[in-house]
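Notes to accompany the following structure.
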Amino acid sequence: MKIVVTDSGSLKSHNDLSLHVLNQFGTVVEYAGITREELLKEVVDTDVLLCNKTVIDREVMSVGDTLKYVGLFATGYNNIDIDCAKEKGIVVANAGSYSTNAVAQQTIAYILNHYTKISEYDSFVKAGGWQKATVFSPLVYATDEVFSKTIGLVGYGSIAKAVEKIAVAMGMKVLVYTRTVRENDPKFVSLDYLLQNSDVVSVHCPLNEQSKNMFNAEAFAKFKDVAYFVNTARGGVMDEAALFEALESGKLSGAAVDVLASEPMRQDCILMKAKNITITPHTCWAPLTTRKRLLGIVCDNITAFLEGNPQNNVAR
């Protein structure tokens, strides 16, 4: 069996993760970042494609007739033409829940950093500010407690539930918006209610036609004044220009984003100029422990497929 890994460069930090375990399944051809031309050439006689963010569309799936399986080093699968996969009987297996702990901890880290101003105070001290101070505790930045604040979770999968657990342990109140109707539980509310009543809004929904640009100018206008916005889901769920305006106007007290509509970040990304924003380069999922877990799930998915019992197939 021929296996092509299309973008292994996104899985490794200084080669800290070996993909040799994949050799048990067949001949592995590994690309750090495959080009479109290389992909169309390789897929002609490939049985299995393994990818993270490489676009696998109808053209790719139609080049040859050997492709049987697309495995994702990711939970999201918006880069795969699922309709075409269904038509052709190609299994598409994602790796759900591998990054739950890592994304939840970084979500909480953003929130704590925002209210404690740890990074700002660290910079202040290292710039000599404390040495020049006339008091033992120079209160340069306004801080606050998260206790009793309300966090609004948009989406309620495994990551959101993990964030909820930590938030509750810190004394936060929780509101949830999800398309799945849940009765007799007051924490499940409409999106408008959540936006209007949350001190922190954290996004944990997939990117699809319904969620694309759901956080636009109209949505940000509904936010509680000086709320904090966190997006660790997908960049496409937010309008970056609208987020910029919400930050510049002071409607939001700050934001933290780990994802953008275009990755890597474009040279002209407007958020680079925004105030009170923390931007990380899509690294919530990146701890080595997390990536090892991911590789294990990918291998388990391939094993299940070869045994005739595909699991985590999103193209059913």
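One-based numbering along the sequence shown.
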Report yes or no: do [X] and [Y] belong to one cluster of Ile/Leu/Val/Met/Phe/Trp/Tyr joined by side chain heavy-atom distances under 4.5 Å?
X: Val168; Y: Ile159; result: yes
X: Leu22; Y: Ile297; result: yes
X: Val237; Y: Phe244; result: yes
X: Tyr110; Y: Val203; result: no
X: Ile108; Y: Val174; result: yes

* To do: For Thr107 and Ser202, test the side chains for any donor-to-acceptor distance below 3.5 angstrom and give the result as yes or no.
  =>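 Side-chain D/A pair, Thr107 to Ser202: absent.
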* To do: May I ask you to check whether Lys149 and Tyr228 show a side-chain donor-acceptor distance below 3.5 Å?
  =>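 Checked: Lys149/Tyr228 side chains show no N/O donor-acceptor pair below 3.5 Å.
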Measuring from atom [atom1] of [X] to atom [atom2] of [Y], what distance do you get when rounded to the nearest 0.5 angstrom?
X: Leu175; Y: Gln196; atom1: CG; atom2: CD; answer: 11.0 Å
X: Leu191; Y: Thr178; atom1: CG; atom2: OG1; answer: 11.0 Å
X: Leu72; Y: Lys53; atom1: CG; atom2: NZ; answer: 8.0 Å
X: Asn309; Y: Thr303; atom1: CG; atom2: OG1; answer: 11.5 Å
X: Lys251; Y: Lys224; atom1: NZ; atom2: NZ; answer: 11.0 Å
X: Glu42; Y: Leu49; atom1: CD; atom2: CG; answer: 9.5 Å

Side chains of [X] and [Y]: does their closest heavy-atom pair fall under 4.5 Å?
X: Ser211; Y: Arg234; value: no
X: Asn276; Y: Leu252; value: no
X: Leu112; Y: Ile118; value: no
X: Thr150; Y: Val200; value: no
X: Val257; Y: Met238; value: yes
X: Thr290; Y: Asn101; value: no

* Go through the steps to decide whether Leu139 and Ser137 satisfy the test side chain to side chain contact (heavy atoms under 4.5 Å, CB included), and finish with yes or no. => CA-CA 6 Å; Leu139 304 181; Ser137 181; 3.6 Å; yes
Return the minimal non-hydrogen interatomic distance between [X] and [Y], and the atom names on each side.
X: Met61; Y: Ala85; value: SD-N, 3.7 Å
X: Cys269; Y: Leu260; value: SG-CD1, 4.2 Å
X: Gly155; Y: Cys205; value: CA-CB, 4.3 Å
X: Ala93; Y: Asn301; value: CB-ND2, 3.9 Å
X: Asp47; Y: Leu67; value: O-CD1, 3.6 Å
X: Ala217; Y: Ala242; value: N-CB, 3.4 Å

* Asked: Between Phe124 and Lys117, does a side chain to side chain contact (heavy atoms under 4.5 Å, CB included) hold up when you go through it step by step?
  -> CA-CA 10 Å; Phe124 168 79; Lys117 299 296 187 289; over 6 Å; no
Donor-acceptor check, side chain of [X] to backbone of [Y], threshold 3.5 angstrom: yes or no?
X: Asn312; Y: Gly96; value: no
X: Thr283; Y: Ala286; value: no
X: Ser99; Y: Ala102; value: no
X: Asn52; Y: Ala74; value: no
X: Gln24; Y: Val21; value: yes
X: Asn79; Y: Val55; value: no
X: Trp130; Y: Phe136; value: yes
X: Asp258; Y: Cys284; value: yes
X: Asp7; Y: Gly9; value: no
X: Asn23; Y: Gly26; value: no

* Phe220 vs Phe229 aromatic rings, parallel, tilted or perpendicular, using cut-offs 30° and 60°? ->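 Phe220 and Phe229: perpendicular rings.
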* To do: Kindly assign one of parallel, tilted or perpendicular to the pair Tyr121 and Tyr141, based on the angle between their ring planes and the thresholds 30° and 60°.
  =>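 Perpendicular: the ring planes of Tyr121 and Tyr141 meet at over 60°.
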* **ring pair (Phe, Tyr, Trp, His ring centres under 6.0 Å) contacts in which one or both residues fall within residues 20-64, not counting sequence neighbours** =>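 Sorted pair list comes back empty.
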* Asked: Thinking salt bridges, do Asp81 and Lys88 make one under a 4.0 Å N-O criterion?
  ->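 The answer is no: the pair does not qualify as a salt bridge.
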* Asked: Can Glu87 and Arg58 be counted as an ion pair, charged N to O under 4.0 angstrom?
  ->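 Answer for the salt bridge query: yes.
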Decide if atom [atom1] of [X] counts as having more than 12 heavy atoms of other residues, nucleotides or ligands within a radius under 6.0 Å.
X: Lys12; atom1: NZ; value: yes
X: Lys275; atom1: NZ; value: yes
X: Tyr77; atom1: OH; value: no
X: Arg182; atom1: CZ; value: yes
X: Lys86; atom1: NZ; value: yes
X: Gln210; atom1: CD; value: yes
X: Asp16; atom1: CG; value: yes
X: Met1; atom1: CE; value: yes

* To do: Please step through side chain to side chain contact (heavy atoms under 4.5 Å, CB included) for the pair Leu19 and Leu295, ending with a clear verdict.
  => CA-CA 8 Å; Leu19 302 186; Leu295 180 57; 4.0 Å; yes
* Could you check Trp285 against Arg291 for side chain to side chain contact (heavy atoms under 4.5 Å, CB included), going step by step and ending with a plain yes or no? => CA-CA 7 Å; Trp285 67 284; Arg291 286 180 284 127; 3.6 Å; yes
* To do: With sequence neighbours excluded, tell me which residues meet ring-ring contact (aromatic ring centres under 6.0 Å, His included) with Phe73.
  =>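 Residues passing ring-ring contact (aromatic ring centres under 6.0 Å, His included) with Phe73: none at all.
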* Can you name the salt bridge (charged side-chain N to carboxylate O under 4.0 Å, His left out) partners of Arg266, sequence neighbours left out? ->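 If we apply the salt bridge (charged side-chain N to carboxylate O under 4.0 Å, His left out) test to Arg266, skipping adjacent residues, the hits are Asp268.
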* **Partner of Ile151 under side-chain contact (heavy atoms from CB on, under 4.5 Å), chosen from Ile111, Val230, Asp199** =>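 Among Ile111, Val230, Asp199, the one meeting side-chain contact (heavy atoms from CB on, under 4.5 Å) with Ile151 is Ile111.
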* To do: Give the intermediate values and the outcome of salt bridge (Lys or Arg N to Asp or Glu O under 4.0 Å) for residues Asp45 and Lys2.
  => CA-CA 7 Å; Asp45 60 349; Lys2 179 181 174 181; 2.8 Å; yes
